[in-house]
Amino acid sequence: MIMKKQELRKIYKQKRADLTEAQIEDFQKNIYQQIYDLDLGGIKIVHLFLSLTKFKEIDTQPIIDFFRSRNIKIVVSKSDLKNNTLSHFYLEKDTVLELNKYGVPEPVNGEEVNEKELDLIFVPLLISDELNYRVGYGKGFYDRFLSNCKEEAQFIGVNFFKPIYQIEDSNDFDVPLHQVIYPK
């Protein structure tokens, strides 16, 4: 299957909306186990997205708990909705989160972190292709963010759906992921 991002965005938003709670629970267990089995050698700081439950995104809290149990620092982002950019902050037990105007939980307080310090970045997506390009929500936040990370940082997409063959309109601004984890 080869389709354009706009069409894929519509299809996979609907596919995700159609998932049952039981399917999501099974998919999450499978994805969590794949994450727990990752080689974490040299990983000190992990960036995670905070889940949008209204869009049935994977619940990242168990992943956060897993990394915390291994004394790996967690970083989350705050959106600049005027420039479509992200700033990054350590997520500590006392970090206060508030929903932005799109319902995304974001840190209100916390120590800011430069993206060059991140070792592993988990990336939300609607669908990806076999070349590890992704379709997100369409604002380019993550492509801008990933293009500023250090060269050796690892980018892992997390999704409920198996990658398609190819995204037709990937372009030079799209940053490919190193790996995509989905239910096997």
Side-chain angles (χ1 to χ4, degrees), residues 1-40 43 46-60 63 75-77 79-81 83-86 88 102-104 115-116 118-184:
M1 174 183 350
I2 301 176
M3 291 185 176
K4 293 189 178 210
K5 291 177 191 176
Q6 186 172 353
E7 188 176 2
L8 289 165
R9 203 169 277 121
K10 182 178 176 185
I11 290 168
Y12 282 91
K13 278 182 179 178
Q14 187 60 55
K15 281 183 178 254
R16 195 190 290 160
D18 292 343
L19 291 174
T20 66
E21 291 304 315
Q23 287 174 308
I24 291 171
E25 190 172 316
D26 285 344
F27 290 168
Q28 288 182 149
K29 284 180 188 174
N30 187 293
I31 290 168
Y32 295 152
Q33 191 57 56
Q34 290 180 65
I35 291 170
Y36 302 159
D37 291 341
L38 289 172
D39 176 4
L40 300 176
I43 303 296
V46 172
H47 180 282
L48 276 155
F49 58 94
L50 297 173
S51 307
L52 288 170
T53 52
K54 70 178 181 179
F55 293 139
K56 293 189 176 179
E57 289 183 344
I58 185 169
D59 179 4
T60 54
I63 303 168
V75 172
V76 295
S77 296
S79 304
D80 178 334
L81 301 173
N83 298 319
N84 291 345
T85 58
L86 300 171
H88 315 284
Y102 293 109
V104 178
E115 53 262 295
K116 299 277 188 217
L118 306 174
D119 300 308
L120 177 59
I121 297 99
F122 284 91
V123 183
L125 55 101
L126 291 165
I127 191 62
S128 62
D129 67 15
E130 292 176 3
L131 298 172
N132 290 339
Y133 286 98
R134 62 182 273 283
V135 174
Y137 293 109
K139 300 282 187 194
F141 283 97
Y142 270 84
D143 289 312
R144 284 182 200 85
F145 162 32
L146 298 176
S147 67
N148 290 322
C149 291
K150 63 185 176 185
E151 190 174 317
E152 58 275 10
Q154 292 293 302
F155 310 146
I156 298 179
V158 182
N159 192 20
F160 292 138
F161 306 106
K162 181 179 179 178
I164 61 169
Y165 175 67
Q166 186 178 355
I167 298 166
E168 182 179 337
D169 55 345
S170 291
N171 62 58
D172 292 343
F173 295 107
D174 294 334
V175 177
L177 304 167
H178 295 99
Q179 179 180 352
V180 177
I181 294 177
Y182 59 91
K184 301 277 193 313

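Keep in mind that what you see is a predicted model, and the values were worked out from it rather than measured.
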Open item on the list: According to side chain to side chain contact (heavy atoms under 4.5 Å, CB included), who are the partners of Glu115, at least two apart in sequence or on a separate chain?
Closed with: His88, Leu118, Phe145, Asn148, Cys149
Task: Pairing residues for Asp59 by the side-chain hydrogen bond (donor to acceptor under 3.5 Å, both in side chains) criterion, not counting sequence neighbours - done: none
Task: Minimal non-hydrogen separation, Tyr182 against Val180, with atom names - done: CD2-O, 3.8 Å
Open item on the list: Just to verify, what does Tyr36 make a ring-ring contact (aromatic ring centres under 6.0 Å, His included) with, not counting sequence neighbours?
Closed with: Phe66
Task: Heavy-atom pair of closest approach, residues Phe160 and Pro183 - done: O-CD, 3.5 Å
- [ ] Would you confirm whether Lys56, through its side chain, and Ala17, through its main-chain N or O, come within 3.5 Å as a donor-acceptor pair?
- [x] yes
Task: For the student: nearest non-hydrogen atoms of Glu57 and Leu52, plus distance - done: OE1-N, 2.9 Å
Open item on the list: Applying side-chain hydrogen bond (donor to acceptor under 3.5 Å, both in side chains), can you list everything that pairs with Glu152, at least two apart in sequence or on another chain?
Closed with: none
Open item on the list: Applying salt bridge (charged side-chain N to carboxylate O under 4.0 Å, His left out), can you list everything that pairs with Asp174, at least two apart in sequence or on another chain?
Closed with: Lys5
TODO: Any chance you could lay out the side-chain contact (heavy atoms from CB on, under 4.5 Å) test for Met3 and Ile11, step after step, and finish with the verdict?
DONE: CA-CA 10 Å; Met3 291 185 176; Ile11 290 168; 3.5 Å; yes
TODO: Would you please name every residue forming a salt bridge (charged side-chain N to carboxylate O under 4.0 Å, His left out) with Glu7, sequence neighbours left out?
DONE: none
Open item on the list: Could you report the tightest heavy-atom contact between Leu38 and Phe122, atom names first, then the distance?
Closed with: CD1-CZ, 4.1 Å
Open item on the list: Which heavy atom of Ile121 sits nearest to which heavy atom of Ala153, and what is that distance?
Closed with: CD1-CB, 3.9 Å
Open item on the list: Rounded to the nearest 0.5 Å, what separates atom CG in Leu126 from atom CG in Asn159?
Closed with: 7.5 Å
Task: Pairing residues for Ser128 by the side-chain hydrogen bond (donor to acceptor under 3.5 Å, both in side chains) criterion, not counting sequence neighbours - done: none
Task: Straight-line distance of Leu19 CG to Gln14 CD, nearest 0.5 Å - done: 10.0 Å
Open item on the list: On a heavy-atom basis, which atom in Ser77 and which in His47 lie closest, and how many Å separate them?
Closed with: OG-NE2, 2.6 Å
Task: Straight-line distance of Leu8 CG to Ile167 CD1, nearest 0.5 Å - done: 6.5 Å
Open item on the list: For Gln33, I'd like to know if atom CD has over 12 heavy atoms of other residues, nucleotides or ligands within 6.0 Å.
Closed with: yes
TODO: With sequence neighbours excluded, tell me which residues meet salt bridge (charged side-chain N to carboxylate O under 4.0 Å, His left out) with Lys150.
DONE: Asp119
Open item on the list: Test of understanding: with side chain to side chain contact (heavy atoms under 4.5 Å, CB included), list the residues that count as partners of Gln34, not counting sequence neighbours.
Closed with: Asn30, Ile181, Lys184
- [ ] Enter the distance from Ile43:CD1 to Leu120:CG here, rounded to the nearest 0.5 Å.
- [x] 5.0 Å
Open item on the list: Test ring pair (Phe, Tyr, Trp, His ring centres under 6.0 Å) on Tyr137 and Phe55; report intermediate values, then the result.
Closed with: CA-CA 11 Å; Tyr137 293 109; Phe55 293 139; 5.6 Å; yes
Task: Aromatic ring proximity, centroids under 6.0 angstrom, Phe49 and Tyr142 - done: no
Open item on the list: If I take atom CD1 from residue Ile31 and atom CD1 from residue Ile58, how far apart are they, to the nearest 0.5 angstrom?
Closed with: 4.0 Å
- [ ] Sequence neighbours left out, what passes ring-ring contact (aromatic ring centres under 6.0 Å, His included) with Tyr12? Give chain and number order.
- [x] Phe161
Open item on the list: Once ring-ring contact (aromatic ring centres under 6.0 Å, His included) is applied, do any residues pair with Phe141, and if so which ones, sequence neighbours excluded?
Closed with: none
Task: Residue pairs passing the salt bridge (charged side-chain N to carboxylate O under 4.0 Å, His left out) test where at least one lies in residues 9-30, sequence neighbours excluded - done: Glu25-Lys29
Task: Nearest-0.5 Å distance, CG of residue Leu50 to OG1 of residue Thr60 - done: 5.5 Å
Task: N/O donor-acceptor pair under 3.5 Å between His178 side chain and Phe155 backbone - done: yes
